[in-house]
Amino acid sequence: MAQDDLFKKVISHCKEYGFIYQSSEVYDGLSAVYDYGPYGSELKNNLKQYWWKSMVQMHENIVGIDSAIFMHPKIWKASGHVDAFNDPLIDNKDSKKRYRADVLVENFMDKIEVKINKEVAKAKKRFGDAFDEVQFRSTNPRVLANVEKYNTIKDRLADYMSNSKLDELKALIEELGIACEVSGSKNWTEVRQFNLMFSTQLGNIAGEEGKLYLRPETAQGIFVNFLNVQKSTRQKLPFGIAQIGKAFRNEIVARQFIFRMREFEQMEMQFFVRPGEEMKWYEYWKDARLKWHLALGTPEENLRFHDHDNLAHYANAAADIQYNFPFGFKELEGIHSRTDFDLNSHQELSGRKLQYFDPELNENYVPFVVETSIGVDRMFLCAMSNALVEEVVPGTEGKESTRVVLKLHPALAPVKCAVLPLKRNDDNLTGKARAIFNKIKYSFNAQYDDSGSIGKLYRRQDAIGTPYCITVDFETLEDDTVTIRERDSLAQERIHIDKIEEVVRQRIDMKQLFVE
RNA sequence: GCGAGUAUAGUUCAACGGCAGAAUGCCUGACUUCCACUCAGGGGAUACCGGUUCGAACCCGGUUACUCGCUCCA
């Protein structure tokens, strides 16, 4: 399948088979918000369960929490989200290129600086050894004028930025005659503020609300609970705290289906380590997280590491695990060495000590943090893009037919097993099949279906990724055996009714993902 | 957010400014001994709001959503 073709097919398959719907569709939808349907929520839950098991249950030194979405507003001050994600943006109407307004001004200031230095260099050449640079800088009228200009701009920019004077920022850009690099024109839109965080209010009396943010990441809920968790679970460093939860971000451009949504779900783990040991653990988690993806059967060639060049304000090393989505290699998961930035900030702003007493070193310190952070929805999209296949299979009377099949790992599949009567108009067969379904439904998610020919029923189950189909035929009525059909190989095996639960349970067991 | 394009049954596509149709899927029944069989019947759509016109799915304006470009990230 061609790549962009695949993307369209994934989206329509998700809708058609009840995995994902556009939010508020009857009202024409809500931009960049999606709802998970019956099979989608099963798959999503299975992904979360796989992550939780592998992180929390498989590590004695990792525990899980579930912190609230609402948090004290100061948390976002401390984390840097209030300041770092409030970029003033401006568009050039001719080139359609978008810039950060403050960066435009800063670039202009850089040019002035270059001019000054050129002037100095020129004079140096002219005067030779006798040149006194300090004196020249403090007396040359052209240099002085430019320094004056530079400082004025710097002060004004600082004023406009810290006081959100967007109109004046635009006026400054026009006054300086800054032109777009691409179009060369000075045809600018208004400067607009980009707010990363959604705000809401606490308190139910109008006018008395306190401003509150919906969390833009789950990590801060872990940081502010660091000591609570450490003390109540008696953990010693290194140890980790994991959390799965919703986060909210206003995106400038939110697109590409569920890849970038305004409301999304994160699976994050913050691993607290002794300062100086963070790079060792950073490498450890990079490796561990890649293995997690490979265990699911995600092809190695579709996964790669991508090291960040521009580090976020809190990190000293950062890498992405990228997946080859239908629209190219994009970030699926991030592994960040977050230093002690977050705990330190919270310690400063709250005035509470957030330190660990290390009995080995006999000293207190603020731990360093290595974070693994993966988007559930991106993982969902990865699993779906990876699994959706169209293939030619032998059909009736030797004719070939195509089938659409979701080759999800059995442990992730929304429905584990379908029970299908070979003929639907025979009460003995349907009755027997229903009885089998009613027996196995307690063990795992199963389905009963008799509304079509056996071939059609198989195809339906293929389309939602059901790994096993139990077919009840006339032989079943005689000796209580059924055929169990495997989704990917189409192989059929005859087993006794009493063995169904055991056989299926063993093949869908998540345990097999943890065996090295 | 800006620009360009798109919007008709669940899906894929038709319909001159003049009765909105097909295929497929779905539901019901019949038939069928292992990979979308066949037959009969049924339900189902012009994204939304307004304008032009005797008459609008079709022309015009606006809104919304989606796709593609420009930025950021899980």
Side-chain angles (χ1 to χ4, degrees), chain A residues 4 7-8 11-13 15-18 21-33 85 87 89-100 103 180 182 188-190 192-194 196 216-219 246-261 264-268 308 310 312 320-321 327 330-334 336 371-379 381 393-397 399-405 420-426 429 451-463 469 471-476 482-483 485 487 490 492:
Chain A
D4 61 329
F7 190 37
K8 287 192 182 114
I11 296 170
S12 60
H13 194 88
K15 187 187 173 191
E16 189 161 359
Y17 291 95
Y21 315 115
Q22 167 91 55
S23 160
S24 319
E25 203 184 60
V26 295
Y27 289 104
D28 295 321
L30 185 62
S31 181
V33 184
F85 295 97
D87 301 334
L89 300 174
I90 189 165
D91 294 330
N92 183 271
K93 289 180 184 168
D94 300 311
S95 66
K96 313 298 176 206
K97 190 127 172 68
R98 164 163 294 168
Y99 299 90
R100 274 179 54 178
V103 171
C180 169
V182 179
W188 298 106
T189 62
E190 295 305 306
R192 286 176 307 254
Q193 191 79 28
F194 167 57
L196 173 94
E217 64 173 17
T218 55
K246 290 270 178 101
F248 306 83
R249 288 183 198 174
N250 251 324
E251 297 291 342
I252 311 171
V253 177
R255 239 178 283 174
Q256 263 145 349
F257 195 41
I258 56 169
F259 184 78
R260 188 174 286 114
M261 296 195 289
F264 62 103
E265 198 157 13
Q266 293 183 307
M267 303 191 282
E268 294 198 302
H308 281 218
N310 308 332
D320 296 339
I321 294 177
F327 38 86
K330 288 279 159 66
E331 179 179 3
L332 171 61
E333 169 157 11
H336 296 166
E371 162 190 274
T372 74
S373 173
I374 177 169
V376 180
D377 313 277
R378 287 186 179 183
M379 189 56 216
L381 187 56
V393 292
T396 325
E397 293 158 15
K399 282 183 290 185
E400 292 196 325
S401 68
T402 60
R403 69 164 182 162
V404 177
V405 53
L420 316 169
L422 185 59
K423 287 178 64 178
R424 60 173 165 151
N425 60 349
D426 186 307
L429 284 184
S451 64
S453 70
I454 189 68
K456 179 177 275 190
L457 301 184
Y458 283 150
R459 292 300 162 72
R460 262 188 207 152
Q461 296 301 329
D462 288 342
C469 289
T471 304
V472 176
D473 56 21
F474 292 98
E475 208 180 320
T476 312
V482 292
T483 58
R485 173 229 192 222
R487 179 194 66 203
L490 305 178
Q492 296 195 11

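In this structure, CZ of A/Arg460 is placed 10 Å from C1' of B/A36, rounded to the nearest angstrom. Taking atom NE2 of residue A/His13 and atom C1' of nucleotide B/U12, one finds them 16 Å apart after rounding to whole Å. Following rounding to the nearest Å, A/Asp320 (CG) and B/C73 (C1') show an atom-to-atom distance of 9 Å. For A/Lys456 and B/C37, the NZ to C1' distance is 10 Å, given to the nearest whole Å. Distance CD (A/Gln266) to C1' (B/A74): 5 Å, rounded to an integer number of Å. Atom CD of A/Glu268 and atom P of B/C73 are 15 Å apart (whole Å). Put simply, NZ on A/Lys330 is 13 Å from P on B/C73, counting in whole angstrom units. Protein atom CZ of A/Arg260 is 6 Å distant from nucleotide atom C1' of B/C72, rounded to whole Å.
For B/C27 and B/C34, the P atoms lie 22 Å apart once the distance is rounded to whole Å. A gap of 34 Å separates the P atoms of B/A65 and B/A22, to the nearest Å. Taking atom C1' on both nucleotides, B/G3 is separated from B/C54 by 39 Å, rounded to a whole Å. B/U38 and B/C60 are spaced 44 Å apart, taking the P atom of each and rounding to whole Å. Comparing the P positions of B/G21 and B/G42 gives a spacing of 15 Å, expressed to the nearest Å. Spacing of C1' atoms, B/G55 relative to B/C68, comes out at 37 Å, to the nearest Å. Across the P atoms, B/G25 and B/U12 are found 15 Å apart, a figure rounded to whole Å. Here, B/C48 and B/U11 have their C1' atoms 22 Å apart, quoted to the whole Å.
B/C70 is paired with B/G1 under the Watson-Crick or G-U wobble criterion, all donor-acceptor distances under 3.5 Å. Using the Watson-Crick or G-U wobble rule with both distances under 3.5 Å, B/A20 pairs with nothing in any strand shown. Base pairing analysis places B/U6 opposite B/A65; the two distances defining the Watson-Crick or G-U wobble pair are each below 3.5 Å. The partner of B/G42, taking Watson-Crick or G-U wobble pairs whose two distances both stay under 3.5 Å, is B/C26. Across all strands shown, B/U33 forms no Watson-Crick or G-U wobble pair with both key distances under 3.5 Å. Using Watson-Crick or G-U wobble geometry with both donor-acceptor distances under 3.5 Å, B/A57 finds no partner in any strand shown.
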A/Ser451 and A/Arg460: side chain to side chain donor-acceptor pair (under 3.5 Å), yes or no, with the steps?
CA-CA 11 Å; A/Ser451 64; A/Arg460 262 188 207 152; 2.8 Å; yes
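Between B/U33, B/G10, B/C35, one nucleotide has an atom nearer to the side chain of A/Leu490 than all others, and that is B/C35. Closest to the side chain of A/Thr483, from the set B/C34, B/A74, B/U33, is B/C34. Of the candidate nucleotides B/C37, B/C31, B/C34, B/C34 has the atom nearest to the side chain of A/Gln492. Of the candidate nucleotides B/C34, B/C26, B/G10, B/G10 has the atom nearest to the side chain of A/Lys15. Nearest to the side-chain atoms of A/Leu422 among the listed nucleotides B/A74, B/C34, B/G10 stands B/C34. Each of B/C31, B/C26, B/A36 was ranked by its minimum atom distance to the side chain of A/Arg459; first place goes to B/A36. Nearest to the side chain of A/Phe474, among B/C27, B/C35, B/U33, sits B/U33. Checking B/C66, B/C35, B/A74 against every side-chain atom of A/Gln22, the shortest atom distance belongs to B/C66. In the set B/U33, B/U11, B/A36, B/U11 carries the atom at the smallest distance from any side-chain atom of A/Glu16.
A/Ser373 comes within 4.0 angstrom of the backbone, heavy atoms only, and of no base. A/Glu333 comes within contact range of the sugar-phosphate backbone alone, with a heavy-atom separation under 4.0 Å but no base atom that close. Using a 4.0 Å heavy-atom criterion, one finds that A/Thr402 contacts the bases of the nucleic acid, with or without backbone contacts as well.
The distance from atom CG of A/Leu381 to atom CZ of A/Phe327, rounded to the nearest 0.5 Å, is 5.5 Å. Remark: A/Ser373 OG to A/Met267 CE distance equals 9.0 Å, nearest 0.5 Å. In this structure, CD in A/Glu16 is found 11.0 Å from OH in A/Tyr21, a value given to the nearest 0.5 Å. A distance of 5.5 Å separates NZ of A/Lys423 from CG of A/Asp426, quoted to the nearest 0.5 Å. Atom OH of A/Tyr458 sits about 11.5 Å away from atom CZ of A/Arg403, to the nearest 0.5 Å.
Taking the 5.5 Å centre cut-off and the 30° plane limit, the aromatic side chain of A/Tyr458 is not classed as stacked on B/A36.
Judged by distance alone, with hydrogens and angles left aside, A/Arg378 brings a side-chain donor or acceptor within reach of the base of B/C73, the pair sitting under 3.5 Å. Between the side chain of A/Glu331 and the base of B/C73, no donor-acceptor pair of N or O atoms lies under 3.5 Å. Evaluation of atom-type donor-acceptor distances gives no pair under 3.5 Å for the side chain of A/Arg485 against the base of B/C34. For A/Arg249 against B/C73, a side-chain-to-base donor-acceptor contact under 3.5 Å is absent.
For the pair A/His336 (side chain) and A/Asp320 (backbone), a donor-acceptor distance under 3.5 Å is absent. Judged purely by atom type and a 3.5 angstrom limit, A/Arg378 has no side-chain atom pairing as donor or acceptor with the backbone of A/Glu333.
Residue whose closest nucleotide on RNA chain B sits further toward the 5' end, between A/Val472 and A/Leu332: A/Val472. Comparing A/Asn425 and A/Arg403 by the nucleotide of RNA chain B that holds the closest heavy atom to each, the one mapping nearer the 5' end is A/Asn425.
For B/C37, one of the phosphate oxygens OP1 or OP2 lies less than 4.0 angstrom from a side-chain nitrogen or oxygen of A/Ser453.
Salt-bridge annotation for A/Asp377 and A/Lys246: absent, with no side-chain N of the basic residue lying under 4.0 Å from a carboxylate O of the acidic one.
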